[in-house]
Amino acid sequence: MDTIPADEFRAQAGADGWRAGDDGARIDYATGDFATGARLFAAIAELAEQANHHPDVDVRYSRVGVHLFTHSAGGLTHKDVELANRISVAADELGIPVDGAP
């Protein structure tokens with residue numbers, strides 16, 4: 001699987017708050033409470049299983065952080081873009097904003 005540069009990831013993932021660099025792509029969501037974070041994590045887990053592509057997820061009391069990186073390719077790939085887009089949709093459907101978003 002071919003890697004893609006961070007700027008290509010950002011262009012394809014849109015302006016949804018994803019930050020991309022050499023170490024992968026990251027986003028933080030402001031969940032406000034642990035139960036909401038758990039719901040977001042459950043949605044991410046389901047999407048990851050469907051895609052057979054598993055991000056690192058950090059669930060805290062009032063936020064959830066997600067890190068995407070295709071380890072087998074050694075960088076970002078189109079699988080990361082696709083999962084990022086699906087995670088963004090899931091967070092939006094749950095009414096969870098990007099941490100730091102207006």
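FYI, side chains are in, hydrogens and waters are out, and symmetry mates aren't considered; it's all heavy atoms of this structure.
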TODO: Take atom CG of Asp7 as the centre, draw a 6.0 Å sphere, and report whether it contains more than 12 heavy atoms from other residues, nucleotides or ligands.
DONE: yes
TODO: Decide yes or no on side-chain contact (heavy atoms from CB on, under 4.5 Å) for Leu76 and Thr70, but give the supporting numbers first.
DONE: CA-CA 6 Å; Leu76 290 168; Thr70 302; over 6 Å; no
Task: Distance-minimising heavy-atom pair for Pro55 and Leu83 - done: CD-CD2, 3.9 Å
Open item on the list: Whether the Asn85 and Ser88 side chains hold a donor-acceptor pair (N or O, under 3.5 Å, no angle test) is what I'd like checked.
Closed with: no
TODO: Kindly compute the distance separating CD1 (Ile44) from CZ (Arg39), expressed to the nearest 0.5 Å.
DONE: 13.0 Å
Open item on the list: Is there a side-chain contact between Trp18 and Ile87 in this structure, where contact means two heavy atoms from C-beta onward sitting under 4.5 Å apart?
Closed with: yes
Task: Close side-chain approach of Val57 and Val64, heavy atoms under 4.5 Å - done: yes
TODO: Could you pull out the closest heavy-atom pair between Leu68 and Ala84, with the gap in Å?
DONE: CD1-CB, 3.6 Å
- [ ] Can you measure from OG1 (Thr36) to CZ (Phe41) and round to the nearest 0.5 angstrom?
- [x] 15.0 Å
Task: No-hydrogen, no-angle side-chain donor-acceptor test under 3.5 Å, His53 and Glu82 - done: no
TODO: Without swapping roles, check the side chain of Thr31 against the backbone of Arg63 for a donor-acceptor pair under 3.5 Å.
DONE: yes
Task: Over all atoms of both residues, closest heavy-atom pair of Arg86 and Leu47 - done: O-CD1, 3.5 Å
Task: Ile4 vs His78 side-chain heavy atoms within contact, under 4.5 Å - done: yes
TODO: Quick one: closest heavy-atom pair of Thr3 and Thr77, and the distance?
DONE: CA-CG2, 4.2 Å
Task: Where Arg60 and Phe34 come nearest, the two heavy atoms and their spacing - done: O-CD1, 3.7 Å
- [ ] Evaluate the side-chain proximity of Asp23 to Phe69: yes if any heavy-atom separation is below 4.5 Å, no if none is.
- [x] no
Task: From Asp99 atom CG to Tyr29 atom OH, the distance as rounded to the nearest 0.5 Å - done: 11.0 Å
Task: Exam field: side chain Arg19 to backbone Ala25, donor-acceptor pair closer than 3.5 Å - done: no
- [ ] Please indicate whether Asp33 has more than 12 foreign heavy atoms, meaning atoms of other residues, nucleotides or ligands, lying under 6.0 Å from its CG.
- [x] yes
Open item on the list: Can you give me the closest heavy-atom contact between Ala43 and Leu94, atom names plus distance?
Closed with: CB-CD1, 4.4 Å
